[in-house]
Amino acid sequence: MILSITFFFTAVIGKLGYIQFINGSVLQARAAEQWMRDLPVTPIRGKIIDANGIVLADSSTLYDIYVRPNSVKNADNVARLLADVLGIQYEKLYEKITSARVSEITIAKNVTRDKTVEIVTSELSGIYVSENILRYYNYGNFLTQLLGYVDYDKHGQEGLEKYFDKYLYGVNGYSLTETDLVGRDINAPTSYVPAINGQNVNLTIDYYIQSLAESAVNDAMLRHKAQSASCIVMNVNTGAVLAMANAPNFDLNDIPRNDIATLYTGSKNHIVGDVIEPGSTFKILTAAAAIEEGIVTDASAYYCGGNRIVDGQKIKCWKTAGHGSQNFATAVKNSCNCCFMDCALGLGTDTFYGYIDKFGLFRKTGIELYGESMGINIKAENVKNVDLARIGFGQAIAVTPLQLVTAAAAAVNGGKLMQPYIVSSIYDETSGKITYNNSPRINHTVVSEATSKKLREYLEGVVSDGSGKNAYVNGYRIGGKTGTAQKYVNGAIARGKYVSSFLGFAPADKPEYIMLMIVDEPDTGVYYGSIVAAPYANYVFSNLFAHFNVAPANLDASYDVEFEMPDLYGDGQSEVFAKLKALNLAYECEGEGKAVYQIPAAGSLINKYTTVYVRFQ
């Protein structure tokens with residue numbers, strides 16, 4: 001019996017010890033859940049700030065109002081107060097409070113401070129308040145796709161808000177109140193677990209340059225009735241993105257959540273998510289590879305009769321009448337397809353594909369954004385000569401705009417393929433501690449400095465005396481390349497649908513800025529990149545130089561000399577070309593026969609840097 005009693009008490013003491021020392025914390029937590037009522041304390045979401053310290057996305061404190069029916073002593077007074085202050089119907093509110101079978105009712109969310117103070121100072125029992133955070137964007141539809149937006153719970157859904165949500169959101173806090181079995185407050189102190197606010201995100205985006213890009217894309221949408229327009233500006237030497245604008249967009253303070261189509265089209269970042277045929281802008285990369293491999297020199301000669309026959313197929317130059325005999329510098333100015341077909345075929349598939357790979361076009365760039373696409377290309381083992389020829393002038397290959405501008409930057413900055421990035425740092429505003437830091441990073445070298453320098457000279461000629469004249473800014477050295485690419489729908493060329501582009505950099509002798517302007521499906525009868533996209537490079541660069549007080553190198557006294565645009569209507573091709581060459585005007589043309597349409601119109605005042613468009617029929 002003594003042994004039995006001893007065993008019994010030993011077991012009881014052992015069980016008590018297990019409950020007290022081993023399982024005690026778990027049971028305490030479960031008990032606390034039953035007798036405590038908690039209200040969430042939302043952390044203040046971190047700011048998103050541009051490179052100049054301008055706050056783009058910020059947060060303000062609002063309040064959520066709750067009622068605990070079991071703690072209400074005078075339901076009539078509570079219902080009347082809340083109805084008057086919040087504009088809620090008294091009868092419904094009274095019924096909700098008196099007939100509720102739940103311990104807590106949400107009355108209103110996102111209530112202003114003034115209204116909340118009026119409610120709290122009434123000191124009526126049963127009313128509780130918790131903080132809530134409103135996310136707002138200081139410039140509305142500015143940087144819509146890049147910034148993104150948050151959901152009702154203040155978690156990021158798109159753009160940088162989503163990508164860096166774990167930094168921006170912070171950690172929730174709680175306000176805990178002890179209650180009895182039926183949910184009535186016990187006269188006990190309230191426990192408070194403070195929220196940890198989110199961290200601030202500093203961008204490489206420059207508000208002033210971004211404003212220029214936003215103006216350009218919005219104007220392109222209206223002026224050319226385009227499906228979309230995009231503009232990216234990057235620091236050539238660091239890979240830092242200075243501007244990234246897309247249109248159409250929407251006001252981030254008025255998100256069209258009930259209109260899925262508008263929400264989708266306005267949220268899409270075409271610069272990282274779209275894959276396009278680059279067209280003639282790709283010739284920058286073809287030229288870089290050909291120069292590096294010694295395929296071309298200043299003395300190289302080419303003949304363009306308007307087409308090349310490759311693998312039995314006729315591939316046309318954009319100028320069907322042909323450019324005739326020309327050296328490489330002239331061929332670049334003329335954007336001659338035949339010359340670049342010869343370059344690609346001279347390089348061969350293995351060598352050319354090797355350069356395309358080193359330029360980063362076979363993989364994602366890895367920029368800090370969700371939804372980045374990867375280029376589309378024919379596998380090397382399946383490439384025929386006819387494919388290689390087309391790739392040489394930007395067909396039969398597709399890339400994202402971000403891939404293209406990053407690769408072109410490497411071609412002109414001395415050969416360094418830089419890692420593109422948007423965020424410079426993330427830090428805690430209270431402590432100042434930096435938790436994420438970015439700096440320029442070279443992935444690898446693609447071409448030599450000598451090749452890059454020679455390429456810059458050729459591309460400067462495109463703007464000063466070629467198809468890119470509309471991008472020229474008086475007194476400044478700008479290089480670049482126009483592009484006009486066909487669009488594909490369901491794997492077939494879509495008739496009448498084009499992507500117009502211009503890729504330019506400045507200053508041409510020592511590049512600092514590179515930009516890509518894309519206008520998707522212009523619908524005003526003109527679609528050449530030299531006419532549609534290049535003028536926006538002029539707008540961005542000229543305003544950029546003015547803002548940063550960049551002094552002109554050599555002003556051209558004849559820049560402001562204007563003369564009348566001749567009437568070309570009814571003239572044959574040879575007559576038109578002779579008139580335009582006599583005036584030293586760059587031009588784009590399509591069709592054969594007689595001139596039936598021209599831009600600028602006859603009699604318009606133009607200067608020698610105007611690019612003319614002529615349609616023959």
Side-chain angles (χ1 to χ4, degrees), residues 48 56-57 135 137 139-151 155-165 203 205 210 213-222 224-234 241 243-278 364-376 398-406 420-423 483 485 487-490 494 497-501 515-523 532-533 536:
I48 301 179
L56 304 173
R135 189 63 159 174
Y137 303 86
Y139 301 97
N141 61 348
F142 190 82
L143 273 170
T144 297
Q145 298 81 5
L146 185 63
L147 292 179
Y149 50 88
V150 299
D151 59 18
H155 283 290
Q157 283 194 297
E158 292 288 347
L160 293 171
E161 293 276 31
K162 180 179 180 180
Y163 195 92
F164 289 102
D165 188 62
L203 305 183
I205 297 292
Q210 179 69 29
E214 295 276 355
S215 297
V217 297
N218 290 328
D219 185 83
M221 286 288 292
L222 293 172
H224 297 287
K225 301 178 182 178
Q227 291 293 311
S228 67
S230 304
C231 180
I232 179 173
V233 183
M234 182 187 289
V241 177
M244 185 181 284
N246 293 273
N249 51 32
F250 55 79
D251 188 340
L252 288 169
N253 296 314
D254 187 19
I255 300 169
R257 300 183 192 272
N258 296 325
D259 186 344
I260 300 301
T262 301
L263 183 65
Y264 173 76
T265 55
S267 298
K268 188 172 185 181
N269 191 333
H270 301 281
I271 291 170
V272 299
D274 278 0
V275 177
I276 59 171
E277 269 197 356
K364 297 179 181 180
T365 68
I367 199 166
E368 313 101 306
L369 286 170
Y370 286 115
E372 183 180 8
S373 297
M374 191 165 64
I376 301 173
V399 299
T400 67
L402 180 62
Q403 284 179 314
L404 180 60
V405 75
T406 304
Y421 65 103
I422 295 175
V423 173
K487 288 194 69 174
Y488 287 79
V489 176
N490 298 323
K497 295 182 183 294
Y498 298 90
V499 177
S500 308
S501 60
M515 70 159 290
L516 174 62
M517 181 72 190
I518 296 176
V519 183
D520 184 17
E521 290 189 38
D523 191 26
V532 174
Y536 293 106

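V241 has its side chain within reach of I367: a pair of non-hydrogen atoms, C-beta onward, lies under 4.5 Å apart. Within the 4.5 Å cutoff, the side chain of P420 has heavy atoms near those of the M234 side chain.
Under the 30°/60° scheme for interplanar angles, the aromatic rings of Y536 and H224 are found to stand perpendicular.
Taking CD1 of I271 as the start and SG of C231 as the end, the distance is 7.0 Å to the nearest 0.5 Å. Taken from CD1 in I422 to CD1 in I48, the straight-line distance is 11.0 Å, to the nearest 0.5 Å. Of the inter-residue distances, the one linking R135 atom CZ with D151 atom CG reads 12.0 Å to the nearest 0.5 angstrom.
The closest side-chain donor-acceptor pair between Y137 and D251, if any, does not fall under 3.5 angstrom. Using modelled atom types and a 3.5 Å distance limit, the side chains of T365 and Q403 yield no donor-acceptor pair. Residues D165 and H155 have side chains that bring a donor and an acceptor to within less than 3.5 angstrom of each other. Looking only at atom types and distance, the side chain of E214 has a donor-acceptor partner in the side chain of Q210 under 3.5 Å away.
When all heavy atoms of M221 and P248 are compared, the pair lying nearest together is CE-CD, 3.9 Å. Of all non-hydrogen atoms in F142 and L56, the two that sit nearest each other are CE2-CD2, 4.2 Å. Between A229 and A220 the shortest heavy-atom distance is CB-CB, 4.0 Å.
Scanning for side-chain hydrogen bond (donor to acceptor under 3.5 Å, both in side chains) contacts around N141 gives an empty result, with sequence neighbours left out. Partners of K364 under the side-chain hydrogen bond (donor to acceptor under 3.5 Å, both in side chains) rule, at least two apart in sequence or in another chain, do not exist in this structure.
Salt bridge D520/K497: absent, no basic N to carboxylate O contact under 4.0 Å.
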Report task. Report the C-alpha separation of Y498 and E277 in whole Å, then their side-chain angles, then the decisive distance to 0.1 Å, and conclude whether the side chain to side chain donor-acceptor pair (under 3.5 Å) test is met. Result -> CA-CA 10 Å; Y498 298 90; E277 269 197 356; over 6 Å; no
